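This is a predicted model, so every value here is computed, not measured. First listed ligand is number 1; within each ligand, the first listed atom is number 1.
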Amino acid sequence: MMNNRNKNDEYIVIVGCGRLGSHLARLLSKARKSVVVIDKNEGAFHRLGDDFSGFTIEADAIEIDSLLQAKINKADVVVTTTNDDNTNILIAQIAKIIYKVPKVIARLFEPSRQQVYEELGIETLCPTILSAIELKNIIVGDKMEV
Ligand code: AMP
């Protein structure tokens, strides 16, 4: 479902409130975005800190009910950041295909699977590849080798 919300009013659902999801949620909260974070482990929400202005839902995000509780059908952006590639891709596909969320990004640990998911229209973010590129730039600079 495309909507006419402008960038400032974007509604963002983050799945997983671990090391990556909580950090992202805090950054977006500081940027005054509307954020909802889902995690199956209540203790994970402590990572958000006291100044987090968004909402939290303690639930297994694989359950459609928890996604509906997070109003995934109204989301402009869904980011899946659990520690399981299959969970992230499944929820990303649900968001994209069933709920037509305009922007969906999945955390992906396994670099070799990235191309397949990109071909399915799921944007992925692979910390392993990003870290390797950044480390290479730190070590030898960002010029292409000949
Ligand atoms: P981290 O690897 O530190 O980024 O943590 C990943 C987070 O994802 C943890 O807080 C897990 O509790 C959470 N998580 C894993 N699977 C699910 C799931 N199916 N639904 C909701 N949260 C999950």
(message) Just to confirm my output: which protein heavy-atom neighbour is closest to atom 15 (C) of ligand 1, and how far is it?
(response) N83 OD1, 3.3 Å
(message) Taking CD in E42 as the centre, count heavy atoms belonging to other residues, nucleotides or ligands within less than 6.0 Å. Is the count above 12?
(response) no
(request) Look at atom 5 (O) of ligand 1 and say which protein heavy atom is nearest, naming residue and atom and giving the distance to 0.1 Å. (result) G18 CA, 3.3 Å
(message) Is there a polar contact between ligand 1 and D60, counting only N or O atoms under 3.5 Å apart?
(response) yes
(message) Using a 4.0 Å heavy-atom cut-off, which part of R107 comes near ligand 1: side chain, backbone, both, or neither?
(response) side chain
(message) Test of understanding: clusters of I, L, V, M, F, W, Y form through side-chain heavy atoms closer than 4.5 Å, transitively. Do F52 and V77 belong to the same one?
(response) yes
(request) For atom 2 (O) of ligand 1, find the nearest protein heavy atom and state the residue, atom name and distance (0.1 Å precision). (result) R19 NH2, 3.0 Å
(message) Geometry only, no angles: is N41 polar-contacting ligand 1 at N/O separations under 3.5 Å?
(response) no
(message) When you compare the side chain of V79 with that of V15, does any pair of heavy atoms fall below 4.5 Å?
(response) no
(request) Please check if V37 and V78 belong to a single hydrophobic cluster, counting links between Ile, Leu, Val, Met, Phe, Trp and Tyr side chain heavy atoms closer than 4.5 Å. (result) no
(message) If you take the nearest heavy atom of each of D39, L24, I62, which one is closest to atom 7 (C) of ligand 1?
(response) D39
(message) Using a 3.5 Å cut-off on N or O atoms only, is A61 in polar contact with ligand 1?
(response) yes
(message) Who clusters with L120? Use side-chain heavy atoms, under 4.5 angstrom, across I, L, V, M, F, W and Y, and order the result by chain and number.
(response) I89, L108, Y117, I122
(request) Flag yes if I62 and V13 sit in one hydrophobic cluster, no otherwise; membership is Ile, Leu, Val, Met, Phe, Trp, Tyr, and two members link when side-chain heavy atoms are under 4.5 Å apart. (result) yes
(message) Any donor-acceptor pair under 3.5 Å linking the side-chain atoms of S34 with those of E10?
(response) no
(message) Considering both backbone and side-chain atoms of T82, is one of its nitrogen or oxygen atoms within less than 3.5 Å of a nitrogen or oxygen in ligand 1?
(response) no
(request) Report the part of S66 in contact with ligand 1, treating N, CA, C, O as backbone and CB onward as side chain, heavy atoms under 4.0 Å; options are side chain, backbone, both, neither. (result) neither
(request) May I ask you to list the atoms of ligand 1 that are less than 4.0 angstrom from any heavy atom of A59? (result) 20 (N), 21 (C)
(request) Do me a favour and list the nearest non-hydrogen protein atom to atom 21 (C) of ligand 1 with residue, atom name and distance? (result) K40 N, 3.3 Å
(request) For L20, take its heavy atoms, then give the atoms of ligand 1 lying under 4.0 Å from any of them. (result) 4 (O)
(request) Report yes if the side chains of I12 and K33 come closer than 4.5 Å at any heavy-atom pair, otherwise no. (result) yes
(message) Is there a path of hydrophobic side-chain contacts, each under 4.5 Å between heavy atoms, that joins I38 and V104?
(response) yes
